[in-house]
Asks: 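I'd like to ask some things about the structure below.
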2 protein chains.
Amino acid sequence: MNPEDPAAALVTGVLVALADPTRRQLLDLLADQGQATATTLAEGVPVSRQAVVKHLTVLDDAGLVEATRAGREVRYTVRPDALDTTARWMAGLADQWDRRLARIKRFAEAAERDDT
Amino acid sequence: MNPEDPAAALVTGVLVALADPTRRQLLDLLADQGQATATTLAEGVPVSRQAVVKHLTVLDDAGLVEATRAGREVRYTVRPDALDTTARWMAGLADQWDRRLARIKRFAEAAERDDT
DNA sequence: ATGCTGTGCAACTACAGAGTTGCACGTCGT
DNA sequence: ACGACGTGCAACTCTGTAGTTGCACAGCAT
């Protein structure tokens with residue numbers, strides 16, 4: 001995954017965002033409620049509103065949530081696209097490893113046959 | 001994803017492990033070479049051998065690599081299982097969000113029809 | 001036996017990020 | 001106009017972790 005690749009940057013952001021348990025919890029709440037503000041979300045999580053705001057910023061940068069201004073409040077929504085992309089990337093990586101391992105295994109077996 | 005769930009712990013470990021770019025690079029090298037030692041891997045990465053060892057420990061705890069002792073050296077191998085599990089978890093989550101969003105959208109449209 | 005090479009352990013530095021608090025500003029309802 | 005509420009900004013603390021260096025120990029070769 002070359003760092004110049006824009007898709008790579010997206011994946012990195014998603015992984016970093018999901019690595020934090022509080023952020024996963026926030027995503028869970030958001031997906032459940034469909035829409036919520038930072039203040040509301042702070043009630044369902046053991047940290048301050050400001051901490052929630054920071055987490056939401058990270059999630060926004062990762063493309064996992066979307067912020068919409070409505071008067072004096074900001075409503076957040078879940079965005080599945082980035083998550084989906086990352087899931088596909090990961091599945092592809094797992095597949096790649098599987099194939100490489102299979103190739104190496106064939107190699108080892110061939111070498112063994114040559115010995116005996 | 002409830003924290004008591006053993007599968008959740010596995011997923012968390014994988015996410016944390018993959019969130020670091022150096023660790024992803026190490027996994028790339030490992031998957032490419034099939035097998036390598038910490039000392040060898042340190043040559044392909046811009047950090048010291050000790051740093052590499054620490055990263056490999058994290059990857060091992062996450063179940064992404066396996067360490068095998070061979071005389072005085074320790075050979076590391078990639079393990080696709082944990083990655084595969086996490087990829088599936090993520091795909092499931094993306095799907096879940098999609099369905100929730102679809103449900104909410106229907107809700108909103110129904111409410112709009114009631115208004116007009 | 002001795003030197004070379006790969007690991008392991010420990011102490012240390014440094015920086016990023018998770019969290020907090022306090023206050024100022026815009027917005028809504030009355 | 002005024003109070004209440006939601007948000008934004010800034011400064012600060014603190015812990016975790018990535019990284020380093022130095023040294024001791026174990027295994028291999030000659």
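Each chain gets a letter, A, B and so on, in the order the sequences are listed, and its residues count up from 1.
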Asks: Going from CG on B/Asp98 to CZ on B/Arg103, what distance comes out if it is rounded to the nearest 0.5 angstrom?
Replies: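 Taking CG in B/Asp98 and CZ in B/Arg103, the distance rounds to 13.0 Å.
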
Asks: Do the side chains of A/Asp20 and A/Arg24 get close enough for a salt bridge, i.e. N-O under 4.0 angstrom?
Replies: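 Not counted as a salt bridge, because no side-chain N and carboxylate O are separated by less than 4.0 Å.
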
Asks: Counting only side-chain nitrogens and oxygens, does B/Thr37 get under 4.0 Å of the OP1 or OP2 atom of C/dT5?
Replies: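 For C/dT5, neither OP1 nor OP2 has a side-chain N or O of B/Thr37 closer than 4.0 Å.
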
Asks: Just how far is it from atom CE of A/Met90 to atom CG of A/Leu93, taken to the nearest 0.5 Å?
Replies: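 Answer rounded to 0.5 Å: 8.0 Å.
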
Asks: Could you check whether any side-chain heavy atom of B/Leu41 comes within less than 4.5 Å of a side-chain heavy atom of B/Leu56, counting everything from C-beta outward?
Replies: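 When only atoms from C-beta onward are counted, B/Leu56 and B/Leu41 do touch, with a gap below 4.5 Å.
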
Asks: In whole Å, what is the span from the CZ atom of B/Arg75 to the P atom of C/dT5?
Replies: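 Whole-Å distance recorded here is 17 Å.
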
Asks: Does C/dG17 have OP1 or OP2 under 4.0 Å away from a side-chain N or O of A/His55?
Replies: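 No, because none of the side-chain N or O atoms of A/His55 sits under 4.0 Å from OP1 or OP2 of C/dG17.
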
Asks: Can you figure out which of C/dG8, D/dT7, C/dG19 approaches the side chain of A/Lys54 most closely?
Replies: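 Looking only at side-chain atoms, A/Lys54 lies closest to C/dG19.
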
Asks: What integer distance in Å separates A/Glu43:CD from D/dT7:P?
Replies: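 In whole Å, D/dT7 P lies 11 Å from A/Glu43 CD.
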
Asks: On DNA chain D, check which nucleotide each of B/Asp20 and B/Glu73 is closest to and give me the residue with the more 5' one.
Replies: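 Comparing both residues, the 5'-ward one is B/Asp20.
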
Asks: How long is the line joining CG of B/Leu56 and P of C/dG8, in whole Å?
Replies: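 Answer to the nearest Å: 10 Å.
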
Asks: Is there a side-chain polar atom (N or O) of B/Ser48 under 4.0 Å from OP1 or OP2 of D/dT20?
Replies: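 For D/dT20, OP1 or OP2 has a side-chain N or O of B/Ser48 closer than 4.0 Å.
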
Asks: Please tell me which of A/Ala70 and A/Val58 maps to the more 5' nucleotide of DNA chain C, matching each residue to the nucleotide holding its nearest heavy atom.
Replies: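 Whichever sits nearer the 5' end wins; that is A/Val58.
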
Asks: Which listed nucleotide (C/dG19, D/dC9, C/dA10) is nearest to the side chain of A/Gln50?
Replies: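 That would be D/dC9.
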
Asks: So, does B/Thr22 get its side chain near the phosphate of D/dG19, meaning an N or O under 4.0 Å from OP1 or OP2?
Replies: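 Yes, because at least one side-chain N or O of B/Thr22 sits under 4.0 Å from OP1 or OP2 of D/dG19.
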
Asks: Can you tell me the distance, in whole Å, between the CG atom of B/Leu59 and the P atom of D/dT17?
Replies: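 Value for this atom pair: 14 Å.
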
Asks: Any base atoms under 4.0 Å from B/Arg69, or only sugar-phosphate, or nothing? Heavy atoms, all strands.
Replies: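 It contacts sugar-phosphate atoms only.
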
Asks: Over all strands shown, is B/Arg23 touching base, sugar-phosphate only, or nothing at heavy-atom distances under 4.0 angstrom?
Replies: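 Sugar-phosphate, no base atom in range.
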
Asks: Name the closest nucleotide to the B/Arg72 side chain, picking from D/dG22, D/dC28, C/dT20.
Replies: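 Among D/dG22, D/dC28, C/dT20, the one nearest the side chain of B/Arg72 is D/dC28.
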
Asks: Is there a donor N/O on one and an acceptor N/O on the other, under 3.5 Å, for the side chain of A/Arg49 and the base of C/dG19?
Replies: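 Counting by modelled atom types and ignoring angles, no donor-acceptor contact under 3.5 Å is found here.
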
Asks: Give a yes or no on whether the backbone of A/Ala36 and the side-chain of A/Thr40 come within a donor-acceptor separation of less than 3.5 Å.
Replies: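 Side chain of A/Thr40 to backbone of A/Ala36, a donor-acceptor pair under 3.5 Å: no, none is there.
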
Asks: Rounded to whole angstroms, how far apart are CG on A/Asp61 and P on C/dA16?
Replies: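 Nearest whole value for this atom pair: 17 Å.
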
